[in-house]
Amino acid sequence: MRKSNDNRDRASHKPHIFNFPPLISSATYLINFIVTIVPIAMTTAIATATAAALSLPISLSRSSKFNNRKGVRGGFVVFAISASGEGGGLVEKKNTWSALFDVEEPRSKAIQSKGKFLDVNEAFEVARYDIQYCDWRARQDLLTIMLLHEKVVDVLNPLARDYKSIGTLKKDLAELQEELADAHKQMHISEARVGAALDKLAYMETLVNDRLLQDRNTTTMEITTSSPPSTSKETVERKTQRKSLNVSGPVQPYHPRLKNFWYPVAFSRDLKEDTLIPIDCFEEPWVLFRGKDGKPGCIRNTCAHRACPLDLGSVNEGRVQCPYHGWEYSTDGKCEKMPSTKFVNVKIKSLPCFEQEGMIWIWPGNEPPSATIPSLQPPKGFQIHAEIVMELPVEHGLLLDNLLDLAHAPFTHTSTFAKGWSVPSLVKFLTPSSGLEGYWDPYPIDMEFRPPCMVLSTIGISKPGKLEGQSTKQCATHLHQLHVCLPSTRSKTRLLYRMSLDFAPVLQYVPFMQYLWRHFAEKVLNEDLRLVLGQQDRMINGENVWNMPVSYDKLGVRYRLWRTAVEEGAKQLPFSK
């Protein structure tokens with residue numbers, strides 16, 4: 001009999017077991033459905049469709065035998081819900097739902113087995129509590145759906161909105177505005193965090209690239225002097241001060257140590273046998289000309305007699321003749337002719353002058369000149385197409401800072417060579433830790449600062465103003481540029497520009513092409529000049545033009561560190577090969 005009753009009980013459970021999974025899956029489906037459509041649907045039709053979807057014919061029958069069993073608490077309730085009726089109104093009110101869903105969670109009353117195995121009654125009790133839990137879970141899910149549906153109707157249904165008071169709408173609007181303000185605040189916090197992370201990455205990259213070479217001299221000094229451990233903090237502070245840059249205030253007189261280099265001052269093709277080229281170099285006037293042997297010379301552009309500018313005169317048999325009284329000077333500065341008076345031994349200052357690879361070089365320093373002159377020739381396979389000289393009213397260091405920076409191109413040169421360039425999310429200058437050269441990422445441009453004042457760059461191009469590839473090696477055609485920034489005075493720079501191409505060699509034979517190149521070069525420089533002039537004005541008034549260097553300023557920062565080391569008389573210059 002016991003077995004027969006158990007079988008009947010199990011038979012009575014069957015409808016409940018097989019009816020609940022569809023209910024649970026339907027509840028889950030509807031929750032997902034409403035959560036998905038609420039952000040998207042903004043019309044009354046969506047609310048009507050949602051209400052129709054909630055009209056579930058849920059009919060759960062319970063067995064009388066099962067309900068009458070001794071010790072059974074709870075069970076299934078037969079109910080039906082219709083979310084829509086005639087006119088689209090709600091049939092059931094919220095207060096009538098509460099009794100349907102006010103069911104205690106059964107998990108806390110589940111039977112715990114004391115033995116290793118369950119007998120039949122215990123197994124049925126466990127199954128009963130499991131079914132009660134499914135019933136409770138389904139009721140909770142359905143309640144959630146009903147409340148979500150009501151909210152959807154309240155928000156989307158124009159009729160429901162009409163019943164809301166103006167005060168309620170203002171309150172809802174204020175809450176939404178607060179949420180939006182919080183979201184904006186969180187977004188700004190995230191942006192600040194991303195910016196701080198990028199700055200930290202850039203700082204770490206600078207440390208990795210610069211630390212070995214910049215600290216080499218300091219480490220050697222510490223080892224040789226055997227400084228006590230107590231000075232380690234002072235050493236760190238000195239390193240920090242050395243890395244900081246302060247370029248502000250009026251331009252100071254050039255340090256004499258900066259003069260002890262070979263400086264290119266003119267192109268060979270511009271210095272004819274009967275030509276005088278006046279230049280300023282480190283605040284002093286000079287004049288270039290060719291002597292009797294055809295070699296170039298550089299003498300002070302001031303006559304020893306009455307201080308007349310010699311460049312106003314002429315070249316006579318390899319000597320500069322003063323236009324005032326006809327005194328004549330050779331390439332070494334000696335006065336070899338004094339008309340209308342008794343000859344007196346007179347000599348004016350001259351500079352070591354040398355011609356190499358199409359350029360005229362001078363040594364303005366007081367120390368003996370070095371035996372070698374750096375080569376500025378374009379790479380193999382390039383033909384020189386243009387050589388241009390310009391005088392610019394800016395200090396040469398500011399111009400070098402500009403030329404060593406390519407990240408400004410898509411913002412500054414929008415009407416010339418960078419027209420159409422996209423703005424990358426991150427610009428980097430990748431360089432070995434021991435040099436003043438490297439390449440730009442993502443631009444296919446190699447660049448080098450060559451002491452004391454030259455910038456060389458090779459640009460991979462496909463068409464004028466266009467870029468292709470991620471490196472110069474991936475590009476089929478190239479443009480090579482040389483910029484020489486001669487420090488004429490503290491407010492003037494003599495710029496020598498040379499342009500070479502590894503394609504279209506016929507262009508160098510086109511008439512008047514030199515004027516076209518000059519026009520283009522002046523247009524590019526004018527885009528930079530207005531900015532650098534503004535920098536110079538702010539700098540003279542006390543602003544620091546290197547106040548906040550970032551990762552793409554690496555090459556410009558290295559130039560400034562190199563220049564500072566020269567002026568301080570460092571025995572080993574940083575970043576030298």
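Not measured: the values here are computed from a predicted model.
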> Between E387 and Q514, which heavy-atom pair has the shortest distance, and what is it?
Replying inline: O-NE2, 2.9 Å
>> Do I384 and P378 make a side-chain contact, defined as non-hydrogen atoms from C-beta onward lying under 4.5 Å apart?
In response: yes
>> Measuring only between side-chain heavy atoms, which start at C-beta, is P285 closer than 4.5 Å to R300?
In response: yes
> Just wondering, more than 12 heavy atoms not from Y552 lying within 6.0 Å of its OH?
Replying inline: no
> Closest approach of M454 and P264, non-hydrogen atoms and distance?
Replying inline: SD-CD, 3.9 Å
>> Once rounded to the nearest 0.5 Å, what's the spacing between atom CD1 of I461 and atom OG1 of T477?
In response: 4.5 Å
> Which heavy-atom pair separates A266 from L496 by the least distance, and what is that distance?
Replying inline: N-CD2, 3.5 Å
>> Closer than 3.5 angstrom, by distance alone: can the side chain of Q356 be matched with the main-chain N or O of I373 as a donor-acceptor pair?
In response: yes
> Looking only at atom types and distance, does a side-chain atom of D446 sit under 3.5 Å from a main-chain N or O of S457, one as donor and one as acceptor?
Replying inline: no
> If you measure from OH on Y559 to CG on L436, what distance do you get to the nearest 0.5 Å?
Replying inline: 11.0 Å
> In terms of ring plane angle, is the pair F282 and Y254 parallel, tilted or perpendicular, where the classes change at 30° and 60°?
Replying inline: perpendicular
>> As a quick check of understanding, evaluate side-chain contact (heavy atoms from CB on, under 4.5 Å) for F575 and L555, giving each step before the final call.
In response: CA-CA 11 Å; F575 316 111; L555 194 55; over 6 Å; no
> Does any N or O in the side chain of T564 come within less than 3.5 Å of the main-chain N or O of R560, such that one atom is a donor and the other an acceptor?
Replying inline: yes
>> If I take atom CG from residue L398 and atom CG from residue L531, how far apart are they, to the nearest 0.5 angstrom?
In response: 12.0 Å
>> Side chains of S370 and W363, heavy atoms from C-beta outward: is any pair under 4.5 Å?
In response: yes
>> My understanding is that only one of K380, H478, Q383 makes a side chain to side chain donor-acceptor pair (under 3.5 Å) with D502; could you say which?
In response: H478
> Considering the options R563, K492, R490, which one meets the salt bridge (charged side-chain N to carboxylate O under 4.0 Å, His left out) requirement together with E395?
Replying inline: R563
>> Could you go through F449 and E437, starting from their C-alpha distance and side-chain angles, then the distance that decides it, and tell me whether this counts as side-chain contact (heavy atoms from CB on, under 4.5 Å)?
In response: CA-CA 6 Å; F449 168 71; E437 60 185 326; over 6 Å; no
> Would R290 and E355 pass as an ion pair if we require N to O under 4.0 Å?
Replying inline: yes
> Counting N and O atoms only, with roles assigned by atom type, does the side chain of D553 sit under 3.5 Å from a partner on the main chain of V550, one being a donor and the other an acceptor?
Replying inline: yes
>> Tell me if a side-chain donor or acceptor on T472 pairs with a main-chain N or O of G460 at a distance below 3.5 Å.
In response: no
>> Please give me the minimum heavy-atom distance between E357 and S375, naming the atom from each residue.
In response: OE1-OG, 2.9 Å
> CD of Q508 to CH2 of W517: how many Å apart, nearest 0.5 Å?
Replying inline: 11.0 Å
> Would you find a donor on one side and an acceptor on the other, under 3.5 Å apart, between the side chain of S488 and the backbone of D280?
Replying inline: yes
>> Between M499 and L479, is the side-chain contact (heavy atoms from CB on, under 4.5 Å) condition met? List the steps.
In response: CA-CA 7 Å; M499 188 199 72; L479 164 70; 3.1 Å; yes
>> So does H396 get a backbone contact from the side chain of T493, meaning a donor-acceptor N/O pair under 3.5 Å?
In response: yes
>> Go through it in stages, so that I can follow the logic: the residues are T331 and S350, the test is side-chain contact (heavy atoms from CB on, under 4.5 Å), and I'd like the CA-CA distance, side-chain angles, deciding distance and then a yes or no.
In response: CA-CA 7 Å; T331 56; S350 65; over 6 Å; no
>> Can you tell me if E367 has over 12 outside heavy atoms packed within less than 6.0 Å of its CD?
In response: no
> Between the side chain of E284 and the main-chain N/O of N301, is any donor-acceptor distance below 3.5 Å?
Replying inline: no
>> Whether the side chain of N526 engages the backbone of E522 through a donor-acceptor N/O pair (distance < 3.5 Å, no angle test) should be reported.
In response: yes
>> Measuring only between side-chain heavy atoms, which start at C-beta, is N402 closer than 4.5 Å to V394?
In response: no
>> So that I know where these two stand, are W562 and F261 an aromatic pair - ring centroids less than 6.0 Å apart?
In response: yes
> Do L404 and V455 touch side chain to side chain, with heavy atoms closer than 4.5 Å?
Replying inline: yes
>> Please check if the number of heavy atoms outside N366 that lie under 6.0 Å from its CG is greater than 12.
In response: no
>> Other residues, nucleotides and ligands only: do more than 12 of their heavy atoms fall within 6.0 Å of CD on E273?
In response: no
> Would you say the side chain of P352 lies within less than 4.5 Å of the side chain of W262, judging by non-hydrogen atoms?
Replying inline: yes
> Quick one: does V251's side chain get under 4.5 Å of S491's, heavy atoms only?
Replying inline: no
> Heavy atoms, side chains only, cut-off 4.5 Å: are L561 and L245 in contact?
Replying inline: yes
>> Just verifying a value: how many Å separate I279 CD1 and C298 SG, rounded to the nearest 0.5 Å?
In response: 5.0 Å
> Out of L456, L482, I388, which residue meets the side chain to side chain contact (heavy atoms under 4.5 Å, CB included) rule with R498?
Replying inline: L482
> For G556 and D401, which heavy atoms make the closest approach, and how far apart are they?
Replying inline: O-OD1, 4.4 Å
>> To the nearest 0.5 Å, what is the distance between NE2 on H483 and CE on M390?
In response: 7.5 Å
> Where do V423 and P410 come nearest, in terms of heavy atoms and distance?
Replying inline: CG2-CB, 4.2 Å
